[in-house]
Enquirer: 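Take a look at the following structure, please.
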Amino acid sequence: MSVRLGVNVDHIATLREARKGREPDPVFGAYVAEMAGADLVTIHLREDRRHIQERDLRLLRSSVFTAINLEMGVTESIIGIALNVRPEQVTFVPERRQEVTTEGGLDAAGKKKKIENAIKRFHAKKIKVSLFIDPDPEQVKASADTGADMVELHTGAYANARTDRAIRRELKRIRTAAQLAAQAGLRVCAGHGLNYHNIEPIVQIEEIVEVNIGHSIISRAVFTGLEVAVRDMKSLLVR
Ligand code: PXP
């Protein structure tokens, strides 16, 4: 049994946008990642288009063999694009323009009505919806109430924990949230800040069936090439 791997190729686009040119191309990156065993291609089309562009999403739609997981803020303009391009799966994330990366989970409890309405529109087109939330029981319960298909538990606090005690505490939060989510009938994914050194305890949480990983894989790829970097991560996801 292996945890499914979504490779986030945003960081390839970040490098391209540094020169506003044509290379490196996240579309080619997705192809290599799939050849190396990625189960899913994950991208985040941000309002400010700082990395992934609409062109990438459209080309990926016609080139990806596995499935596309589109991370997106719950805004009308992005919802319109997503409903038109029809990825297999979307992940609602909170989005703040000034942030370096997605810093916290979605407030599923506070924004329930808005999320619920958006989910209905995606379900009408047979697109699965995941909610990126902090590993917090209240958020898990609210997510289940919205009709979402799955949750992605934010592993950033775990990844940033530095002492053994803090690491244990964060793992416990993730484990508890994962169990609660699975009991509520949600598929459970995890992501953010996961790397070759901290992934193992996450793989041991049996409710977690999928992880989305970007930064660490693309960073390693600078030295090993993307194919090796994806294969190395895949080999760590076996339970
Ligand atoms: N999952 C979600 C919802 C994210 O927003 C991100 C960052 O784009 C990731 C996973 C991947 O995080 P990282 O690049 O730290 O692996």
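Nothing here was measured: the structure is a model prediction, and the numbers come from that model. Just follow the structure's listing: the first ligand is 1, and inside any ligand the first atom is 1. We count residues from 1, following the sequence as given.
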Enquirer: Is Val93 in polar range of ligand 1, meaning some N or O pair under 3.5 Å apart?
Expert: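 No, no N or O pair falls under 3.5 Å.
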Enquirer: For Ile213, counting its heavy atoms only, list the atoms of ligand 1 lying under 4.0 Å from any of them.
Expert: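 Result: 16 (O).
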Enquirer: With side chains defined as the heavy atoms from C-beta onward, is the minimum distance between Ile199 and Asn195 less than 4.5 Å?
Expert: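 Contact flag for Ile199/Asn195 side chains = no.
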Enquirer: Looking at Arg61 and Glu88, is there a salt bridge between them, counting it only when a charged N and a carboxylate O are closer than 4.0 Å?
Expert: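 Yes, Glu88 and Arg61 are salt-bridged.
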Enquirer: Run the salt-bridge test on Asp232 and Arg220 with the 4.0 Å N-O cut-off and return the result as yes or no.
Expert: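 A salt bridge is present here (some side-chain N lies under 4.0 Å from a carboxylate O).
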Enquirer: Can you list the ligand 1 atoms lying under 4.0 Å from a non-hydrogen atom of Asn8?
Expert: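 Going through ligand 1 atom by atom, the ones under 4.0 Å from Asn8 are 8 (O).
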Enquirer: State if Gly193 counts as touching ligand 1 under the rule of any non-hydrogen atom under 4.0 Å.
Expert: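 A heavy atom of Gly193 does come that close to ligand 1.
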Enquirer: Under 4.0 Å from a heavy atom of Asn212: give me the atoms of ligand 1 that qualify, with their elements.
Expert: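 Answer for ligand 1: 10 (C), 11 (C).
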Enquirer: Any nitrogen or oxygen of Glu71, side chain or backbone, less than 3.5 Å from one on ligand 1?
Expert: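 Indeed, backbone or side chain, Glu71 has an N or O that close.
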Enquirer: Quick check for you: to the nearest 0.5 Å, what is the distance between Asp39 atom CG and Lys234 atom NZ?
Expert: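 Spacing of CG (Asp39) from NZ (Lys234) equals 4.0 Å.
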Enquirer: Using a 3.5 Å cut-off on N or O atoms only, is His215 in polar contact with ligand 1?
Expert: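 Yes; at least one N/O pair falls below 3.5 Å.
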Enquirer: Under 3.5 Å, is there a donor on one side chain and an acceptor on the other for Asn8 and His215?
Expert: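 The answer is no; no qualifying pair exists.
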Enquirer: Geometry only, no angles: is Ser216 polar-contacting ligand 1 at N/O separations under 3.5 Å?
Expert: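 No; every N/O pair is 3.5 Å or more apart.
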Enquirer: Compute the shortest N/O to N/O distance between His44 and ligand 1 and return yes if it is under 3.5 Å, no if not.
Expert: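 No - when backbone and side-chain N and O of His44 are compared with those of ligand 1, no distance drops under 3.5 Å.
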Enquirer: Near Glu152, which atoms of ligand 1 are under 4.0 Å from a heavy atom of that residue?
Expert: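 Selected atoms, number and element: 1 (N), 2 (C), 3 (C), 10 (C).
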Enquirer: Between Glu152 and Lys128, does any NZ, NE, NH1 or NH2 come within less than 4.0 Å of an OD or OE carboxylate oxygen?
Expert: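 Glu152 and Lys128: not salt-bridged.
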Enquirer: Tell me whether Asp25 is salt-bridged to Arg55, with the criterion being a basic N under 4.0 Å from an acidic carboxylate O.
Expert: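 Here Asp25 pairs with Arg55 in a salt bridge, since their nearest N and O are under 4.0 Å apart.
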Enquirer: Would you say His154 touches ligand 1, if touching means a heavy atom closer than 4.0 Å?
Expert: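 In this structure, His154 fails to qualify as a contact of ligand 1 - no heavy atom is under 4.0 Å.
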Enquirer: Would you sort out whether Lys112 and Asp145 count as a salt bridge (Lys or Arg N to Asp or Glu O under 4.0 Å), showing the intermediate values?
Expert: CA-CA 8 Å; Lys112 214 152 124 194; Asp145 290 346; 3.4 Å; yes
